[in-house]
Visitor: 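Structure in structure tokens, see below.
Values below: all heavy atoms of this structure, side chains included; hydrogens, waters and symmetry mates excluded.
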Amino acid sequence: MTARQKEADEKLLVAAAQKDPARFAGLYELYFARVYAYISRRVHDRAATEDLTSEVFHSALANLPRFEWRGAPFGAWLFRIAANAIADRWKRNAKEQGSPAAEEFQEADYADAVHCATLFRLASELPADQKRVIELRFAEEKSIREIAQELQRTEGAVKQLQFRALQNLRERMKESHG
């Protein structure tokens with residue numbers, strides 16, 4: 001499936017969910033792992049990650065009627081909601097603890113969210129074995145050894161798959177920005 005087909009499918013999913021909120025499940029399934037990984041890498045606490053991921057999708061569903069296409073993937077909007085949810089939680093925690101750290105947090109800007117959404121979309125288009133290695137290595141933060149054991153491959157084979165996947169992603173990112 002081409003990038004244009006995926007974008008068209010995503011637009012159909014969004015339109016369907018805007019008409020009937022029960023259809024939001026398709027968007028949730030498409031983006032859950034990516035949003036969870038995005039939050040997890042920034043929060044480093046499983047319970048907080050689960051709570052924030054839930055907040056993101058609850059907020060997205062509640063605000064979906066107001067969502068408008070502005071040239072960025074739907075995922076960018078979700079990552080922006082996630083960045084805001086993380087910022088709000090850190091500010092709230094800092095205030096509760098009487099810490100000035102609330103002002104130190106810099107929200108991820110819109111461009112960062114768009115970049116992440118594009119990267120996740122492109123990673124989802126990789127060949128299955130490369131995609132799985134990227135998910136295990138970067139989303140689940142497993143070591144090469146752990147991945148090799150899970151996939152029943154040698155460490156060298158996993159390193160080669162990771163190398164090819166990253167090379168493919170670099171090329172695809174260049175194409176998407178060019």
Side-chain angles (χ1 to χ4, degrees), residues 1-43 48-90 105-141 161-162 164-178:
M1 183 179 290
T2 68
R4 282 193 177 162
Q5 288 171 322
K6 286 190 180 219
E7 183 179 329
D9 288 350
E10 181 180 72
K11 285 183 178 184
L12 289 173
L13 283 172
V14 170
Q18 284 177 320
K19 290 178 186 170
D20 178 8
R23 307 276 306 270
F24 186 74
L27 290 167
Y28 176 85
E29 290 173 15
L30 182 63
Y31 281 103
F32 175 81
R34 300 177 214 178
V35 170
Y36 185 92
Y38 176 86
I39 294 170
S40 178
R41 283 191 303 275
R42 286 154 179 81
V43 175
T49 297
E50 291 169 356
D51 290 346
L52 285 166
T53 302
S54 176
E55 284 178 37
V56 167
F57 284 101
H58 177 77
S59 178
L61 180 58
N63 292 294
L64 191 61
R66 294 194 305 265
F67 172 77
E68 295 176 13
W69 290 100
R70 295 186 178 158
F74 177 77
W77 186 63
L78 289 175
F79 291 124
R80 185 67 180 157
I81 293 170
N84 289 337
I86 293 167
D88 290 347
R89 176 163 290 213
W90 284 355
F105 178 74
Q106 297 291 323
E107 289 184 44
D109 63 6
Y110 182 72
D112 182 46
V114 170
H115 183 77
C116 284
T118 302
L119 187 58
F120 280 119
R121 179 180 53 79
L122 293 173
S124 73
E125 296 171 1
L126 290 172
D129 54 351
Q130 291 179 17
K131 176 183 170 188
R132 186 68 183 136
V133 167
I134 292 297
E135 288 171 347
L136 292 169
R137 186 78 172 123
F138 299 105
E140 297 182 26
E141 299 179 350
L161 280 170
Q162 178 181 305
R164 282 194 211 117
L166 293 173
Q167 196 171 30
N168 278 338
L169 285 173
R170 278 188 207 98
E171 290 170 13
R172 291 173 185 207
M173 284 296 284
K174 286 179 188 174
E175 290 171 9
S176 72
H177 292 330

Visitor: Any side-chain heavy-atom pair from Val35 and Leu52 closer than 4.5 angstrom?
Guide: no
Visitor: Using 30° and 60° as the class boundaries, would you call the ring planes of Phe57 and Tyr28 parallel, tilted or perpendicular?
Guide: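 Geometry flag for Tyr28 against Phe57: perpendicular rings.
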Visitor: What distance separates Gln18 CD from Lys11 NZ, expressed to the nearest 0.5 Å?
Guide: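 Atom-to-atom, Gln18:CD and Lys11:NZ are 12.0 Å apart.
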Visitor: Run the side chain to side chain contact (heavy atoms under 4.5 Å, CB included) test on Tyr36 and Glu50 for me, step by step, so that the C-alpha distance in whole Å, both residues' side-chain angles and the decisive distance to 0.1 Å come before the verdict.
Guide: CA-CA 7 Å; Tyr36 185 92; Glu50 291 169 356; 3.9 Å; yes
Visitor: Nearest heavy-atom pair of Ile39 and Val56: which atoms, and what distance?
Guide: CD1-CG2, 4.0 Å
Visitor: Just by modelled atom types, is the Val43 backbone N or O under 3.5 Å from a matching donor or acceptor in the Arg89 side chain?
Guide: no
Visitor: First locate atom CG of Asn168, then atom CG of Leu122, and finally report the distance between them rounded to the nearest 0.5 Å.
Guide: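 Reported to 0.5 Å precision, the distance equals 10.5 Å.
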Visitor: Quick one: side-chain hydrogen bond (donor to acceptor under 3.5 Å, both in side chains) partners of Asn63, sequence neighbours excluded?
Guide: Ser59, Arg66
Visitor: Can you give me the closest heavy-atom contact between Lys131 and Ala123, atom names plus distance?
Guide: CG-O, 3.7 Å
Visitor: Tyr38 ring centre to Arg42 NZ or CZ under 6.0 Å, with the angle to the axis within 45°?
Guide: yes
Visitor: Supply the atom-to-atom distance Arg172 CZ to Leu126 CG, rounded to the nearest 0.5 angstrom.
Guide: 5.0 Å
Visitor: Measure the spacing between CD of Glu125 and CG of Leu169 and express it to the nearest 0.5 Å.
Guide: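 Reported to 0.5 Å precision, the distance equals 9.5 Å.
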Visitor: Nearest 0.5 Å, please: how far is CD1 in Ile81 from NE2 in His58?
Guide: 11.0 Å
Visitor: Given side chains that start at C-beta, do those of Pro21 and Leu61 come closer than 4.5 Å, heavy atoms only?
Guide: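 With C-beta onward as the side chain, the pair touches.
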Visitor: Which heavy atom of Phe79 sits nearest a heavy atom of Arg34, and at what distance?
Guide: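 So the two residues come closest at CE2-O, 3.7 Å.
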Visitor: Which distance, rounded to the nearest 0.5 Å, do you find between the CG of Leu12 and the CZ of Arg23?
Guide: 9.5 Å
Visitor: Please report the closest heavy-atom contact between Ala85 and Glu55, naming both atoms and the distance.
Guide: CB-OE1, 4.3 Å
Visitor: At their closest point, which heavy atom of Ala17 faces which heavy atom of Leu27, and how far apart are they?
Guide: CB-CD1, 3.9 Å
Visitor: Determine yes or no for a side-chain-to-main-chain donor-acceptor pair under 3.5 angstrom, with Thr53 supplying the side chain and Thr49 the backbone.
Guide: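 Yes, Thr53 side chain to Thr49 backbone: donor-acceptor pair under 3.5 Å.
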Visitor: Between Gln162 and Arg137, is there a donor-acceptor pair closer than 3.5 Å when you use the side chain of the first and the backbone of the second?
Guide: no
Visitor: If you look at every heavy atom in Ala60 and Trp77, which pair is closest and at what distance?
Guide: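 What the structure gives for the nearest pair is O-CH2, 3.5 Å.
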